[in-house]
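Residue indices begin at 1 and follow the sequence shown.
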Amino acid sequence: MATKILAMKDDIMFKAFFSKKGNERFLKDFLNAILGKETKINRVIHDARLEQLAREQKYGVLDLDVELESGEIINIEMQMDNHKNMEKRTTFYASKKIIEQLGPKAKYSDLKKIIVISILNYSFIDLPEYVTKTVRVAEKHREYEINNDVTYYYIELEKFRNKNPDMKEPINQWLAFIDMERGDLLDMAEKENKLIKEAKEEYDVLTGDEEVKRLAEIRLMSHLEEQAALECAREDGMEKGLKEGLEEGKKRGLEEGKKQGMEQGKIQNTIKIAKKMKEQKIDIKTISEITGLTEEEIKKM
């Protein structure tokens with residue numbers, strides 16, 4: 001199995017695999033499985049080099065755009081972390097693809113349908129299904145579909161891997177390949193679909209590609225830098241809030257200071273705060289009253 005940064009569901013690897021010349025058959029079979037119909041790919045839209053995207057979109061998305069012969073434009077996104085904004089993100093992606101079509105002489109009737117496919121490494125929708133397709137309907141006539149020029153597919157890999165999916169279904173075969181968390185499912189997928197077996201062989205080749213590895217490392221470093229910056233900002237905010245709370249406590253009393261400190265600093269880890277206070281030589285009793293920890297617990301730190 002490949003290293004974590006070269007997992008198939010890493011956006012670098014995902015785009016490198018499905019956009020590679022010669023891999024169109026894999027992309028076509030994958031789209032057929034999701035859409036439930038036969039598709040013909042007109043072109044895979046290459047708007048920028050992978051390296052440029054990796055450097056400029058540190059915490060963003062390396063999405064894959066596909067234009068079908070039917071005229072539909074498909075935007076495929078791989079999202080590993082839950083940033084609590086998926087619905088707004090996909091709305092933005094769809095809007096962007098619509099706006100890109102509007103030139104000076106464009107007519108509304110010329111607008112192509114947009115399909116947004118979001119493959120998520122976490123659970124997102126409070127429903128049992130791991131593949132969810134949206135359909136817009138009239139409020140009082142739910143059987144009447146309207147204004148469906150944009151369709152969203154949300155695929156939740158966490159739900160998928162925690163079930164026992166029917167591996168005769170093409171969509172499950174491709175999800176097992178993309179997720180790669182359960183070797184048993186991947187083995188069954190390879191037995192059921194020769195394209196999955198060929199895709200796995202191609203994936204193994206790509207994991208040894210120095211360019212792809214370098215780009216994956218760039219993305220990983222960017223991710224780690226972003227996480228470090230967020231952690232630093234959080235700690236700075238906690239320290240500032242604690243200091244302000246203690247100063248306020250001198251004016252309003254210890255209990256009010258405790259409340260103010262926790263509110264302003266948004267302290268989520270009382271043990272970590274208690275350790276910092278202890279390092280600052282604040283007496284045990286005061287730390288106990290502010291954090292809610294017992295004096296015995298604080299002494300053991």
Side-chain angles (χ1 to χ4, degrees), residues 1-34 41 44-66 74-81 117-122 130 155-158 160-162 165 167 170-227:
M1 195 61 66
T3 59
K4 186 175 181 180
I5 63 170
L6 288 175
M8 184 62 207
K9 57 190 173 185
D10 178 89
D11 53 4
I12 292 282
M13 176 58 74
F14 184 86
K15 183 163 186 175
F17 179 88
F18 280 113
S19 66
K20 183 181 178 182
K21 297 293 184 182
N23 282 2
E24 292 84 1
R25 68 190 189 281
F26 302 136
L27 180 59
K28 180 178 182 295
D29 200 63
F30 171 60
L31 292 176
N32 289 350
I34 293 177
I41 296 173
V44 178
I45 303 171
H46 300 278
D47 55 359
R49 292 185 67 244
L50 279 173
E51 183 171 359
Q52 178 184 347
L53 288 169
R55 291 184 181 278
E56 294 181 357
Q57 298 185 24
K58 291 183 177 182
Y59 222 166
V61 177
L62 281 173
D63 50 0
L64 180 66
D65 288 342
V66 182
I74 301 177
N75 177 261
I76 309 172
E77 172 205 356
M78 177 66 65
Q79 184 67 29
M80 293 293 288
D81 301 313
I117 300 173
S118 295
I119 305 173
L120 315 174
N121 196 43
Y122 54 87
Y130 49 84
I155 300 174
E156 301 164 272
L157 293 179
E158 184 179 57
F160 167 76
R161 76 177 71 105
N162 289 327
M167 295 312 295
I171 181 61
N172 294 331
Q173 296 162 7
W174 281 106
L175 293 185
F177 170 68
I178 291 170
D179 188 42
M180 288 189 174
E181 293 285 342
R182 286 182 57 181
D184 59 329
L185 296 183
L186 184 54
D187 289 342
M188 285 189 279
E190 290 185 53
K191 291 177 182 178
E192 292 290 340
N193 188 342
K194 67 176 184 178
L195 275 181
I196 300 293
K197 189 175 187 303
E198 293 174 12
K200 179 61 168 57
E201 292 170 354
E202 175 63 26
Y203 163 78
D204 290 338
V205 171
L206 267 180
T207 59
D209 187 294
E210 291 302 320
E211 174 73 359
V212 174
K213 285 197 290 187
R214 186 168 64 85
L215 296 177
E217 287 167 0
I218 290 173
R219 171 52 62 87
L220 177 62
M221 288 303 298
S222 297
H223 177 80
L224 293 176
E225 288 171 3
E226 185 77 13
Q227 291 291 85

N162 side-chain N/O to E158 backbone N/O, donor-acceptor pair under 3.5 Å: yes
Heavy-atom closest pair, residues P165 and Y130: CB-OH, 3.5 Å
Interatomic spacing from CZ in R161 to CD in E181 - rounded to 0.5 Å: 4.5 Å
Whether E24 side chain and G22 backbone form a donor-acceptor pair below 3.5 Å: yes
Counterpart residues, salt bridge (charged side-chain N to carboxylate O under 4.0 Å, His left out), relative to D29 (two or more places apart): none
Contact summary for Y122 and E156, nearest pair of heavy atoms: O-CB, 3.6 Å
Side chain proximity check, F30 to L195, heavy atoms < 4.5 angstrom: no
Atom pair CD1 (I178) and CD (Q173), whose distance is rounded to the nearest 0.5 Å: 12.0 Å
Least distance between heavy atoms, M180 atom then K200 atom: CE-CD, 4.0 Å
Any donor-acceptor pair under 3.5 Å from K15 side chain to D63 backbone: yes
Distance, nearest 0.5 Å, that separates CG of L27 from CG of L64: 6.0 Å
From F17 atom CZ to D10 atom CG, the distance as rounded to the nearest 0.5 Å: 14.0 Å
Side chain to side chain, M13 and L206, heavy atoms closer than 4.5 Å: yes
More than 12 heavy atoms of other groups within 6.0 Å of K28 NZ: yes
Distance flag, aromatic centroids of F14 and F18, threshold under 6.0 Å: yes
N121 CG to Q79 CD distance, which is reported to the nearest 0.5 Å: 9.5 Å
Salt bridge present between E198 and K194 (N-O < 4.0 angstrom): no
Heavy-atom pair with the smallest gap, counting every atom of I196 and F177: CG2-CB, 4.3 Å
